[in-house]
Amino acid sequence: MKAVCWHGANDVRVDTVPDPKILNPRDAILKITSTAICGSDLHLYNGYIPTMQSGDILGHEFMGEVVELGREVKNLQIGDRVVVPFTISCGGCFFCQRDLWSLCDNTNPNAWMAEKLYGHSPSGLFGYSHMLGGYAGGQAEYVRVPFADVGPMKIPAELSDEQVLFLTDIFPTGYMAAENCDIQPGDTVAVWGCGPVGQFCIKSAYMLGAERVIAIDRIPERLQMAKEQCHAEIINYEEVDAGEALKEMTGGRGPDACIDAVGMEAHGMGLDAFYDQAKQAVRLETDRPTALRQVLLACRKGGHVSIPGVYGGFLDKVPMGAAMNKGLTLKMGQTHVHRYLKPLLEHVQRGDIDPSFVITHRLPLEEAPKGYEIFKHKKDSCIKIVLKP
Amino acid sequence: MSRKVHVEKTVTINKSAAELYQFWRDFENLPYFMKHLKSVHVINNRQSHWIEDAPFGTSVEWDAEIINEQENQLIAWASMAGSEIKHSGSVQFQPATGERGTAVKVKLEYESPAGIIGEAIAKLFGEEPEQQIGDDLHRFKQLMETGEIATTEGQSSGR
Ligand SMILES: NC(=O)c1ccc[n+]([C@@H]2O[C@H](COP(=O)([O-])OP(=O)(O)OC[C@H]3O[C@@H](n4cnc5c(N)ncnc54)[C@H](O)[C@@H]3O)[C@@H](O)[C@H]2O)c1
Ligand SMILES: [Zn+2]
Ligand SMILES: [Zn+2]
């Protein structure tokens with residue numbers, strides 16, 4: 001089959017590789033019908049996530065048709081059309097049973113690697129480094145889905161791929177990020193980053209009762225989408241100082257909740273950003289926390305900080321003093337996708353939201369290398385790419 | 001030169017002590033999750049024959065005997081006199097607080113003789129023994145909680 005393989009920083013190729021096969025009784029094989037490129041994939045593409053190996057198959061946002069089932073998968077049938085959470089979860093451990101699916105104890109065969117870096121291992125993820133499982137991803141014609149009796153959700157025929165594909169990651173991610181803001185009536189929520197995740201944060205914050213949402217980025221078409229499609233007020237941080245502007249817009253108090261939907265590769269303009277780039281380049285610092293710093297400084301006293309943006313390792317000059325002395329609540333994590341599949345599918349079915357609004361590009365799988373390149377450099381007004389095998 | 005390795009590791013498993021004890025008490029189950037154990041053959045209620053893979057395509061064999069056991073709580077075993085390797089181990093099952101499963105504590109000791117086999121054994125357990133028993137316990141937990149062992153061995157890649 002054809003699959004998008006990582007071969008090093010800025011080097012992905014569409015290779016011909018063996019078709020996947022069932023390896024365990026709870027596995028299924030899907031024929032992929034749609035798959036997307038995520039901002040998280042850019043961290044791999046740019047070479048910032050350790051323990052990638054040349055030849056690894058990428059992709060964690062995918063859906064398709066069941067073509068083969070392991071003998072223990074009783075709830076699916078050949079031919080079922082399903083979406084698959086990007087987190088792999090067993091359903092039977094302490095964490096799965098407490099609805100903390102991305103923290104599953106049993107799905108990372110390389111748990112020791114993550115334990116060395118993090119103390120404990122989170123769940124395995126599709127196509128996201130050996131430290132997080134080393135599972136082949138779904139930017140391919142076929143994929144093996146472990147624990148297929150727990151993850152995949154069947155999709156009614158009347159919904160199109162594009163309406164449901166983002167249930168695999170970015171819609172639940174935006175939704176959980178908004179939930180982590182503990183939104184109260186009258187609240188103002190500020191969202192750093194108007195990538196696909198940021199867009200779903202904005203929509204979700206309104207769905208959960210925010211009165212105002214303010215979105216921050218510098219890319220005009222992304223700010224425009226935030227404003228026109230998601231009804232956020234916007235700040236272009238290249239034109240004005242975002243911290244000052246937020247203060248002004250919130251009567252001096254600051255936003256009640258702030259979301260970092262940027263993560264480890266934030267772009268920045270001040271001295272601190274220059275410092276981070278230099279340190280990250282020589283690997284003294286693994287992540288560039290420019291957005292996170294702003295979030296902690298901007299958030300109102302006693303407010304909520306929600307971090308869906310991915311951090312992989314070590315951060316420098318994070319104003320922990322601001323977080324502590326302002327009594328902030330910090331919430332973060334890889335999304336517990338399984339928790340959100342059904343409720344968010346219902347939102348789509350009721351027409352509360354059509355997640356396909358973020359899609360700007362549709363490309364054949366063969367053009368994935370070009371897709372990574374334009375998504376990385378935000379060329380051609382690219383916001384979200386769907387690949388068709 | 002003879003070498004001694006002692007490792008100890010604990011993992012909490014979301015099953016009752018009785019279930020875990022029963023699975024472990026049948027030593028023929030151990031190779032399912034102990035990666036370097038090729039086979040265990042149970043001879044009678046107390047004695048068993050163990051074969052362990054060693055580097056360079058060799059293997060090491062010994063007879064072991066249960067030296068202490070308390071139902072649903074403890075199993076302890078040791079290699080019998082005259083074995084080429086001195087090995088002992090124990091596993092303890094202790095209910096976790098708040099009905100959160102069972103804490104499983106494993107202790108293993110190997111003493112390898114001088115010579116080629118000794119070197120091989122030392123190599124096998126000398127490098128990262130903690131990680132090795134940690135991985136074995138992860139696999140035991142996976143098997144008990146999910147019925148299978150998470151793996152990517154045999155999956156496709158562009159390598
Ligand atoms: N927690 C999870 O489970 C989860 C799931 C999916 C994605 N993510 C993470 O969410 C983040 C965003 O993903 P995406 O797909 O939207 O990525 P993306 O790269 O398309 O979007 C990031 C946006 O942030 C903007 N940005 C950069 N620096 C900024 C700054 N200092 N201030 C404000 N905006 C800034 C960029 O211009 C861009 O529009 C990534 O880190 C990704 O890994 C996390
Ligand atoms: Zn993603
Ligand atoms: Zn689990």
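Quick note on labels: first sequence line is chain A, next is B, and so on, each numbered from 1. Values below: all heavy atoms of this structure, side chains included; hydrogens, waters and symmetry mates excluded.
Here the shortest heavy-atom pairing between A:Cys93 and B:Asn14 reads C-ND2, 3.5 Å. The two residues B:Gly158 and A:His7 come nearest to each other via the heavy atoms O-CE1, 3.9 Å. Annotation for B:Thr146 and A:Cys90: closest pair CG2-CB, 3.5 Å, computed over non-hydrogen atoms. The two residues B:Thr151 and A:Leu23 come nearest to each other via the heavy atoms CG2-CB, 4.3 Å. The nearest pair of heavy atoms linking B:Ser156 to A:Ala136 is O-CB, 3.9 Å.
Ranked by heavy-atom pairs under 4.5 Å with chain B, the list A:Gln97, A:Arg13, A:Arg26 is led by A:Arg26. By number of non-hydrogen pairs under 4.5 angstrom with chain A, the leading residue of B:Thr152, B:Thr12, B:Ile149, B:Asp135 is B:Thr152. Your options are A:Pro25, A:Cys5, A:Pro20, and the one with the most heavy-atom pairs under 4.5 Å with chain B is A:Pro25.
Looking at A:Pro146, neither its backbone nor its side chain comes within 4.5 Å of chain B, counting heavy atoms on both sides. Proximity to chain B is limited to the side chain of A:Arg144, based on heavy atoms less than 4.5 angstrom apart. With a 4.5 Å cut-off on non-hydrogen atoms, A:Asp19 touches chain B through its backbone but not through its side chain. Of the two parts of B:Ile13, neither the backbone nor the side chain holds a non-hydrogen atom closer than 4.5 Å to a non-hydrogen atom of chain A. No part of A:Ala3 comes within reach of chain B, as not one of its non-hydrogen atoms sits under 4.5 angstrom from that chain. Both the backbone and the side chain of B:Gln142 come within contact range of chain A, judged by heavy atoms closer than 4.5 Å. A:Asp15 touches chain B through its side chain: at least one heavy atom from C-beta onward sits under 4.5 Å away, while N, CA, C and O do not.
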Item checked: side-chain contact (heavy atoms from CB on, under 4.5 Å) between B:Glu148 and A:Phe147, intermediate numbers included -> CA-CA 10 Å; B:Glu148 63 184 44; A:Phe147 301 101; 3.7 Å; yes
Item checked: Test log, rule side-chain contact (heavy atoms from CB on, under 4.5 Å), inputs B:Arg159 and A:Val17 -> CA-CA 8 Å; B:Arg159 270 185 285 284; A:Val17 305; over 6 Å; no
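At most 12 non-hydrogen atoms from other residues, nucleotides or ligands lie less than 6.0 angstrom from OH of B:Tyr32. For B:Gln94, the CD atom is loosely surrounded, since the number of other residues' heavy atoms within 6.0 Å does not exceed 12. Counting non-hydrogen atoms of other residues, nucleotides and ligands closer than 6.0 Å to CZ of A:Arg98 gives a total above 12. The number of heavy atoms from other shown groups lying within 6.0 Å of NZ (A:Lys21) does not exceed 12. Atom NZ of B:Lys35 has 12 or fewer heavy atoms from other residues, nucleotides or ligands within 6.0 Å. Taking a 6.0 Å sphere around NZ of A:Lys31, one finds it holds 12 or fewer heavy atoms contributed by other residues, nucleotides or ligands.
A donor-acceptor pair under 3.5 Å links the side-chain atoms of B:Gln155 to the main chain of A:Gly134, judged by distance alone. Looking at A:Asn106, its side chain never comes within 3.5 Å of a backbone N or O of B:Ala150 through a donor-acceptor pair.
A side-chain hydrogen bond (donor to acceptor under 3.5 Å, both in side chains) check over residues 72-83 of chain A, counting only residues at least two apart or in different chains, returns the pairs A:Arg81-A:Asp161.
Rounding to the nearest 0.5 angstrom, the gap separating the CD atom in B:Glu145 from the CG atom in A:Asp105 is 6.0 Å.
Between A:Glu115 and B:Gln131, every side-chain heavy-atom pair lies at or beyond the 4.5 Å cut-off.
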